[in-house]
Amino acid sequence: MIQATLHQLRVFEATARHSSFTKAAEELFITQPTVSTQVKQLTKAVGLPLFEQIGKRLFLTEAGQELLFTCQEIFNKLDNFQMKVADIKGTRQGKLTLGVITTAKYFVPRLLGAFCQQYPGIDIALQVTNHQKLQERMLNNEDDLYILSQPPEEVELCSQSFLENPLVVVARRDHPLVGQKNLPLECLNQQPFIMRESGSGTRQAVQKLFNLHDIKVKVRLELGSNEAIKQAISGGLGLSVLSKHTLISEGENGELAILDVEQFPIQRNWYVCYLAGKQLSVIADAFLKYLLEASQAIPIHAPLKNGHSLLVTH
């Protein structure tokens with residue numbers, strides 16, 4: 001049996017994750033020589049090299065890769081044990097890591113706020129990023145749960161829809177089409193448009209609909225931020241399609257309005273996912289159950305074409 005201390009394993013895991021002795025030392029608040037010493041002692045205990053240095057870069061060996069997987073399993077089980085002990089004591093404590101795509105930031109924080117009021121002993125790490133980076137986090141098993149609008153087929157996941165995510169056509173309130181009823185989809189032909197970046201779930205859904213009905217718009221801008229798109233619409237640069245959740249902050253006197261266009265809203269859903277085969281911690285399981293229940297009461301305030309606001313409760 002390999003004789004290794006928990007401290008050595010934590011030092012090794014941090015070094016492997018950062019591919020750097022220096023960054024591992026900074027994270028663990030120890031010196032770089034201490035990191036080197038701990039890794040050397042662990043290497044001697046294993047009996048095989050754990051790292052190889054090529055130029056200035058540090059790479060895991062086959063043995064190092066296997067040990068990294070083992071360390072991650074050990075730390076996950078220890079964290080879960082700690083949470084279960086707290087649960088037995090009646091004081092749920094621990095850490096919840098969530099990975100969410102950018103649009104989800106419009107409603108996830110309010111859910112987290114109410115959840116934290118129920119369980120004040122829980123620490124939450126929220127990572128907000130795009131679909132591509134979120135998929136990378138999945139492949140590296142970096143989070144407990146993921147919230148996104150389109151679960152990737154390339155990753156084996158357990159997924160469950162929990163909230164509608166309608167996509168609507170948005171214009172500046174003084175646009176000529178605002179206020180008109182039952183606009184045909186063809187009215188969007190040759191309209192100046194602001195699109196999400198390639199690879200965006202919203203972009204894919206819109207492009208699929210436009211291709212199906214042979215709609216050709218003039219793409220003026222491609223932006224990777226919903227807030228930037230809203231500003232571009234307000235600046236008169238064109239129309240766009242956004243999740244209705246991005247309009248939560250728009251009031252009755254807001255600059256944006258939803259157009260009444262046939263085929264819209266495009267009906268989509270939000271999904272909460274975790275890696276297939278992953279054993280959820282006590283905290284992650286509690287949040288999953290909470291999310292599925294609490295999401296049904298999320299209000300969406302969206303400006304209507306007539307200047308009033310619509311309150312939708314799911």
Side-chain angles (χ1 to χ4, degrees), residues 100-112 126-134 147-150 163-180 183 185 187-188 190-210 215 217-261 263-270 298-314:
V100 307
I101 63 166
T102 51
T103 308
K105 71 182 181 181
Y106 293 96
F107 63 89
V108 168
R110 67 174 64 191
L111 287 170
L112 287 175
L126 180 64
Q127 299 293 330
V128 181
T129 185
N130 59 31
H131 270 93
Q132 181 180 350
K133 290 184 178 178
L134 199 63
I147 296 175
L148 68 169
S149 57
Q150 187 176 347
L163 182 66
E164 292 180 359
N165 180 28
L167 304 181
V168 294
V169 184
V170 183
R172 196 164 76 170
R173 193 167 290 280
D174 61 0
H175 192 280
L177 295 179
V178 171
Q180 298 189 40
L183 291 164
L185 188 60
C187 74
L188 299 180
Q190 301 308 310
Q191 287 282 347
F193 238 79
I194 303 139
M195 287 285 196
R196 282 295 303 262
E197 78 284 7
S198 296
S200 158
T202 299
R203 173 72 173 265
Q204 291 174 6
V206 173
Q207 205 65 61
K208 181 179 179 180
L209 178 65
F210 285 178
I215 302 298
V217 298
K218 296 178 180 177
V219 180
R220 228 177 217 180
L221 283 173
E222 291 186 3
L223 297 171
S225 160
N226 292 310
E227 290 304 311
I229 290 176
K230 288 163 67 175
Q231 290 299 318
I233 297 171
S234 298
L237 292 177
L239 309 176
S240 190
V241 175
L242 294 170
S243 165
K244 191 179 285 188
H245 289 277
T246 67
L247 305 174
I248 288 174
S249 60
E250 296 291 323
E252 292 185 10
N253 299 318
E255 295 181 286
L256 307 181
I258 295 174
L259 295 185
D260 185 8
V261 182
Q263 304 294 330
F264 284 91
I266 300 175
Q267 295 298 341
R268 306 181 80 217
N269 290 294
W270 287 107
I298 295 178
I300 303 176
H301 296 273
L304 287 177
K305 44 200 173 296
N306 59 9
H308 297 292
S309 68
L310 172 69
L311 175 62
V312 179
T313 301
H314 298 278

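Model, not experiment: these values are computed from the prediction.
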Any P265 side-chain heavy atom under 4.5 Å of L167 side chain: no

More than 12 heavy atoms of other groups within 6.0 Å of Q132 CD: no

Salt bridge (charged side-chain N to carboxylate O under 4.0 Å, His left out) partners of E222, counting only residues at least two apart: R203

Residue pair F264 / V168, side-chain heavy-atom distance below 4.5 Å: no

Spacing of CD belonging to Q150 relative to OG1 belonging to T202, to within rounding of 0.5 Å: 9.0 Å

Between CG on residue D174 and OG on residue S234, distance to nearest 0.5 Å: 10.0 Å

Shortest non-hydrogen separation from S149 to R268 and the atoms involved: OG-NH1, 3.6 Å

L256 and R173: CA distance, side-chain angles, deciding distance, side chain to side chain contact (heavy atoms under 4.5 Å, CB included) verdict: CA-CA 5 Å; L256 307 181; R173 193 167 290 280; 5.8 Å; no

Residue pair Q267 / P166, side-chain heavy-atom distance below 4.5 Å: yes

Nearest heavy-atom neighbours spanning I233 and A171: CG2-C, 3.6 Å

CA sep, side-chain torsions, deciding dist, call: Y106, E227, side chain to side chain contact (heavy atoms under 4.5 Å, CB included): CA-CA 11 Å; Y106 293 96; E227 290 304 311; 2.4 Å; yes

Point-to-point distance, once rounded to the nearest 0.5 Å, from CZ of R196 to OG of S240: 9.0 Å

Residue pair I194, L239: steps toward the side chain to side chain contact (heavy atoms under 4.5 Å, CB included) verdict: CA-CA 6 Å; I194 303 139; L239 309 176; over 6 Å; no

Any side-chain heavy-atom pair of H175 and Q191 under 4.5 Å: yes

Rounded distance (nearest 0.5 Å) linking atom CG of L223 with atom CD of E197: 9.0 Å

Sequence-distant partners of R220, side-chain contact (heavy atoms from CB on, under 4.5 Å), two or more places apart: P192, L237

Student check: side-chain heavy atoms of C187 and L177 closer than 4.5 Å: yes

Flag side-chain contact, heavy atom, 4.5 Å: M195 against V217: yes

Worked verdict on H245 versus L163 for side chain to side chain contact (heavy atoms under 4.5 Å, CB included): CA-CA 11 Å; H245 289 277; L163 182 66; 3.5 Å; yes

Member of T129, L134, T246, V128 meeting the side-chain contact (heavy atoms from CB on, under 4.5 Å) criterion with T102: V128

N226 and K105, any side-chain heavy atoms less than 4.5 Å apart: no

V169 side chain near V241 side chain, heavy-atom distance below 4.5 Å: yes

For the student: nearest non-hydrogen atoms of K230 and L242, plus distance: CG-CD1, 3.8 Å

Heavy-atom pair with the smallest gap, counting every atom of L188 and F193: CD2-CE1, 4.4 Å

Side-chain (S243) to main-chain (N165) donor-acceptor, under 3.5 angstrom: no

Gap separating the CD1 atom of I215 from the CD atom of Q207, nearest 0.5 angstrom: 11.5 Å

